[in-house]
2 protein chains.
Amino acid sequence: MLEAPQRRRAVLHEARCQTCSLSSLCLPLALELEDIDQFDAIIRRRAPLKKGEHLFYQGDAFNSVYAVRSGSLKQVTSEGGGHDQLTNFYLPSELVGLDAIDEPHYPGSVIALETTTVCEIPFDRLDQLSEKLPELRGQIYRSMSKELRNDRRMMRLLSGKTADQRLATFLVTLSDRFRRRGYSPYSFRLSMPRADIGNYLGLAVETVSRIVSRFQSQDVVAISGREVNILDMAKLQRLAEEEPA
Amino acid sequence: MLEAPQRRRAVLHEARCQTCSLSSLCLPLALELEDIDQFDAIIRRRAPLKKGEHLFYQGDAFNSVYAVRSGSLKQVTSEGGGHDQLTNFYLPSELVGLDAIDEPHYPGSVIALETTTVCEIPFDRLDQLSEKLPELRGQIYRSMSKELRNDRRMMRLLSGKTADQRLATFLVTLSDRFRRRGYSPYSFRLSMPRADIGNYLGLAVETVSRIVSRFQSQDVVAISGREVNILDMAKLQRLAEEEPA
DNA sequence: CGCTAGATTGACGTGTTTCAAACCAAGTGG
DNA sequence: CCACTTGGTTTGAAACACGTCAATCTAGCG
């Protein structure tokens, strides 16, 4: 590939995996330079999604997985009755749609929480390419496996933890994900409303709000609206793990 | 392969994928005959596990995934503190260990609930083979993807459902898994104690017991000890989905 | 035939939800 | 520029589902 040797920097930066700041976290992670080009060639860029727009709807035909480039999304599964369940938040470098691979349709809708850009990766082409590139194949396995472990952690949280532990865990986990991406782990912005947090954690909105207030009065965090400042990370981690009597 | 054209039937039945009654549900699902032989060649048979024995321990080095051949297993993840979490039950034809692929160690222990036999599949060899056999690769992707969706369903259950809905869902799901495997969906045996069910569903043992009793008094099921008889499947499914006032 | 792990049942306490209302920030239109 | 929405957040009081504690019962098994 590489047929257009010189373009404007900005375009390159936007358009190519090699220059993407996320390449060390994203699928190309383990690839050689020339392999990245092959991988790059199958990617489709998409117009940015605005807040509230759907990347796809539950039931849409599955064709592609998506890598988040900037912004954030939520995945919701609705089933018979109005009761939707929020099953995941996606941040930059994470892969969306892995849970649809063996189905003709996406099992849930994915919605932008803010202005969000993604790279579309047609799955059939990804699979073909993964035949030639063992590292890519490994990376796909790893991504899915990692998501499985995340889900198990989540199940543990929903099954065994108290509301306080859940929210503390949520904040610690988010903080960690930001840190890995090079952002401050102590100060960040929630892109989702309280209702989404509640739905995700299996708590009523009111409960989320109450616990936020409590954490503030204990000087663990300072949260105003969606701005989060973690004041005492150690204490927050303690809250997340065990809550003795 | 196929160098031993004639052996005793019983041995063949035990030892080869082609004659395994689960081949239509298991990994070889989509493979051609000759490909199955290749696949078969990398499998290691293991001595049966007795009830309570570990297939592997949390923290053991990850080398293989396992296909359940007969019996059943549970996966438990323990973390700092005594609080174990049961994250999955495995039935025949299901794949154990997929959540360890991108880690050096298994993230949880897997323990036999009864006498259980498994096929060991060294992962590096499986991965190599999947390079040559696109169908096999697809099958691995599908298995993982399916497990992801299962986990999401579980998250939804733990997050939003009442205790009654959880138990009803548990029974319906089990029933369905038995049906797919050619067993009666109405009459089966639970291989796990109540405590495990409770742990899995995020409920106290006592709650499980009480709801079992309640379901019985409503003539939805007849459960004595671990023998389950589903009397009114429609009602059970209704209970699993929504519980109106 | 008694022992012990597992299962059941009851009474009580409590964390979380639910219902209801007030509050707040950010738009929007007059 | 200020009422007036509108969507989201917070706070309070009451109801309830589930967990905990404790006792009893059952079944498998040496």
Side-chain angles (χ1 to χ4, degrees), chain A residues 50-52 74 82-83 85-86 111 113-114 157-171 189-218 221-228 239 242-245, chain B residues 50-52 74 82-86 111 113-115 157-171 189-218 221-228 239 242-245:
Chain A
K50 284 198 271 292
K51 175 176 172 178
K74 62 176 172 182
H83 185 223
Q85 170 68 21
L86 206 165
I111 304 166
L113 290 166
E114 58 196 312
L157 179 148
L158 292 171
S159 169
K161 296 198 174 187
T162 67
D164 288 50
Q165 290 174 304
R166 293 185 201 190
L167 195 74
T169 305
F170 177 70
L171 291 172
R189 186 168 199 289
L190 302 171
S191 57
M192 71 293 285
R194 300 280 190 277
D196 284 353
I197 299 177
N199 186 322
Y200 181 60
L201 295 178
L203 299 172
V205 196
E206 296 92 326
T207 308
V208 174
S209 202
R210 269 184 261 270
I211 296 172
V212 165
S213 305
R214 182 139 24 94
F215 282 180
Q216 294 214 71
S217 69
Q218 295 169 210
V221 292
I223 300 183
S224 77
R226 301 197 177 170
E227 290 304 327
V228 176
L239 281 168
E242 57 181 353
E243 191 177 28
Chain B
K50 284 198 272 291
K51 175 176 171 177
K74 63 176 173 180
H83 184 221
D84 291 1
Q85 169 69 22
L86 206 164
I111 304 165
L113 290 166
E114 57 196 313
T115 302
L157 180 147
L158 293 170
S159 168
K161 296 197 173 187
T162 66
D164 288 48
Q165 291 174 306
R166 293 186 201 189
L167 196 74
T169 305
F170 177 71
L171 291 172
R189 186 167 199 290
L190 302 171
S191 58
M192 70 293 285
R194 299 282 189 275
D196 284 353
I197 299 177
N199 186 323
Y200 180 59
L201 296 178
L203 300 171
V205 197
E206 296 92 326
T207 307
V208 175
S209 204
R210 268 184 264 271
I211 297 172
V212 165
S213 304
R214 184 139 22 95
F215 281 180
Q216 295 213 70
S217 69
Q218 296 169 206
V221 293
I223 300 183
S224 78
R226 300 197 177 171
E227 290 303 329
V228 177
L239 281 168
E242 57 182 352
E243 192 175 26

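Given the structure is predicted, the values throughout are model-derived calculations rather than measurements.
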What is the distance from atom CD1 of A:Ile197 to atom CZ of A:Arg166, rounded to the nearest 0.5 Å?
14.0 Å
Would you list the atom pairs, donor with acceptor, under 3.5 Å between side chains in residues 221-228 of chain A and any protein atom, with sequence neighbours excluded?
residue: A:Glu227; atom: OE2; partner: A:Arg189; partner atom: NE; Å: 3.2

Does B:Lys74 have any salt bridge (Lys or Arg N to Asp or Glu O under 4.0 Å) partners at least two apart in sequence or in another chain, and if so, which?
B:Asp196
Just checking A:Arg166: base, sugar-phosphate only, or nothing, at a heavy-atom cut-off of under 4.0 Å?
nothing
Distance in angstrom units between A:Ile197 CD1 and C:dT16 C1', rounded
17 Å
To the nearest angstrom, the NZ-C1' distance between B:Lys51 and C:dG6 comes to 10 Å
Tell me whether the side-chain N or O atoms of A:Arg210 pair up with the base of C:dG15 as donor and acceptor below 3.5 Å, since no angle test is needed here.
no
Rounded at 0.5 Å granularity, tell me how far CD in B:Gln85 sits from CG in A:Leu157.
10.0 Å
Near-strand residues of residues 199-209 of chain A, defined as heavy-atom separation under 4.0 angstrom from DNA chain D:
A:Glu206, A:Ser209
Contacts of B:Tyr200 that satisfy ring pair (Phe, Tyr, Trp, His ring centres under 6.0 Å) - sequence neighbours left out
B:Phe89
On DNA chain D, check which nucleotide each of B:Lys161 and A:Arg226 is closest to and give me the residue with the more 5' one.
A:Arg226
Contact boundaries on DNA chain D for chain A, cut-off under 4.0 Å to non-hydrogen atoms
D:dG8 to D:dA13
Closest approach of A:Leu239 and A:Gln218, non-hydrogen atoms and distance?
CD1-NE2, 4.4 Å
Exercise: identify the closest heavy-atom pair between B:Ser159 and A:Gly202
OG-CA, 3.1 Å
Could you pull out all donor-acceptor pairs under 3.5 Å where a side-chain atom in residues 206-213 of chain A meets a protein atom, sequence neighbours excluded?
residue: A:Ser213; atom: OG; partner: A:Ser209; partner atom: O; Å: 3.0

